[in-house]
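First up is the structure itself, then whatever we jot down about it.
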Amino acid sequence: MKILVCISNVPDTTSKITFTNNNSEFNNTGIQYIINPYDEIALSKAVDLVNGGADGTVTVINVGDVSTEPTIRKALAIGADQAIRVNATPKDAWFVANQIAEYAKSNDFDLILTGRESIDYNGAQVPAMLGELLSIPSVSIAKKLTIEGNEATIEREIEGGKEVLTANLPVVVGTAEGVAEPKIPNMRGIMGARSKPLEIVEPIAVAALTSFSHYETPAIRSNVKLIEESNVNELVNLLHTEAKVI
């Protein structure tokens, strides 16, 4: 089985997020980048599925400049066999999906795994776009994934229950918590990652469908007001006049 895993390079969740150039650009100063956690789940599942290389190969692909290569090397240390870096700054989900689809079209992958979303923009768009661009099924927010022969069984949570789907390979699956436990690279994996192939490919031209005007940080939380439990009228008044929730 040939598996392609799409990985994003995202800020660590402990990073302090700020913006520059009149809030139109992300400030990279002092930011530690990591593999998108949902993509790491996808990668861990792929490594499990190929059983240490006995049952297939895992290729990771990232759309990014040279600064993303430490993240890619970590993916190789976790267990991917080879990596592809599309040499471009990711502009939006449409741009990223087209770059990945262009590579996938000429390599006949049986399974394409992504995270359910990236934790920087939380768009959850790439899996569905990939399915459309490649004309293959796409299922997102998968909680469980099993492969038997040429068929994938995917379990996903829906409101009030769960949904179990089957699809013939090839298929795109956007993974969530529960699909696999994230793997921690061991020393052997870290050393081996240095010699694994990392191919650089140039991007294709993609018409821009979106543009970013500016970014905003969330409003600073106000101080907590404590109300005596017997003072119901004051509580109702504050909920109405200040919180404006009633």
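Hydrogens, waters and symmetry mates play no part in the numbers below; they use all other heavy atoms, side chains included. On a predicted model such as this, the values are computed, not experimentally measured, just so you know.
- Here the OG1 atom belonging to Thr29 is positioned 8.0 Å from the CD1 atom belonging to Ile31, to the nearest 0.5 angstrom.
- Taking CG of Asp55 as the start and CG of Asp48 as the end, the distance is 11.5 Å to the nearest 0.5 Å.
- One distance of note links NZ of Lys2 with CD1 of Ile112; it measures 10.5 Å at 0.5 Å rounding.
- Using a 4.5 Å cut-off on side-chain heavy atoms (C-beta onward), Leu113 and Leu145 make contact.
- Taking hydrophobic clusters as Ile, Leu, Val, Met, Phe, Trp and Tyr residues chained together by side-chain heavy-atom distances below 4.5 Å, Leu49 shares a cluster with Ile154.
- Hydrophobic clustering, with ILVMFWY side chains joined whenever heavy atoms are under 4.5 angstrom apart, groups Leu165 together with Leu169.
- Asn22 places no side-chain N or O within 3.5 Å of a backbone atom of Ser24 that could act as its donor or acceptor partner.
- Linking ILVMFWY residues whenever their side-chain heavy atoms come closer than 4.5 Å, directly or via other members, leaves Ile84 and Val58 in distinct clusters.
- Atoms CG and CD, on Leu198 and Gln82 in that order, are 10.0 Å from each other to the nearest 0.5 Å.
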>> Go through it in stages, so that I can follow the logic: the residues are Asn62 and Val60, the test is side-chain contact (heavy atoms from CB on, under 4.5 Å), and I'd like the CA-CA distance, side-chain angles, deciding distance and then a yes or no.
In response: CA-CA 7 Å; Asn62 167 258; Val60 293; over 6 Å; no

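- Contact between Glu40 and Lys183 at its shortest, heavy atoms only, is OE2-O, 3.7 Å.
- Residues Thr217 and Ile17 fail the side-chain proximity criterion, which asks for heavy atoms closer than 4.5 Å.
- Side-chain contact between Trp94 and Leu133 is present, with at least one heavy-atom pair separated by less than 4.5 Å.
- Hydrophobic clustering (side-chain heavy atoms under 4.5 Å, transitive across Ile, Leu, Val, Met, Phe, Trp, Tyr) groups Val206 together with Tyr103.
- Surrounding NZ of Lys91 are at most 12 heavy atoms belonging to other residues, nucleotides or ligands under 6.0 Å away.
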> Step by step, would you call Asn27 with Thr18 a side chain to side chain donor-acceptor pair (under 3.5 Å)?
Replying inline: CA-CA 6 Å; Asn27 184 6; Thr18 59; 3.1 Å; yes

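- Under the 30°/60° scheme for interplanar angles, the aromatic rings of Phe19 and Phe26 are found to stand perpendicular.
- Val5 places none of its side-chain heavy atoms less than 4.5 Å from the side chain of Lys45.
- Under the 4.5 Å side-chain criterion, counting only non-hydrogen atoms from C-beta, Arg85 is in contact with Asn87.
- In this structure, Lys143 does not pair ionically with Glu155, as no charged nitrogen and carboxylate oxygen lie closer than 4.0 Å.
- Taking a 6.0 Å sphere around CD of Glu228, one finds it holds 12 or fewer heavy atoms contributed by other residues, nucleotides or ligands.
- Atom CG of residue Leu130 and atom CD of residue Glu132 lie 11.0 Å apart, to the nearest 0.5 angstrom.
- Between Ile100 and Leu4 there is a side-chain heavy-atom pair separated by less than 4.5 Å.
- Within 6.0 Å of CD1 in Ile184 there are 12 or fewer heavy atoms belonging to other residues, nucleotides or ligands.
- Contact of the Pro37 side chain with the Val10 side chain is registered, since non-hydrogen atoms from C-beta on lie closer than 4.5 Å.
- In the displayed structure, Glu181 atom CD is contacted under 6.0 Å by at most 12 heavy atoms of other residues, nucleotides or ligands.
- Considering only heavy atoms from C-beta on, Tyr38 comes within 4.5 Å of Glu177 through its side chain.
- When each of Asn28, Asn9, Asp120 is tested with Tyr33 by the rule side-chain hydrogen bond (donor to acceptor under 3.5 Å, both in side chains), just one qualifies, namely Asn28.
- Ile190 and Ile7 fall into different hydrophobic clusters, where Ile, Leu, Val, Met, Phe, Trp and Tyr side chains are chained together by heavy-atom contacts under 4.5 Å.
- Side-chain contact annotation: Thr210 with Asp92, donor-acceptor N/O pair under 3.5 Å present.
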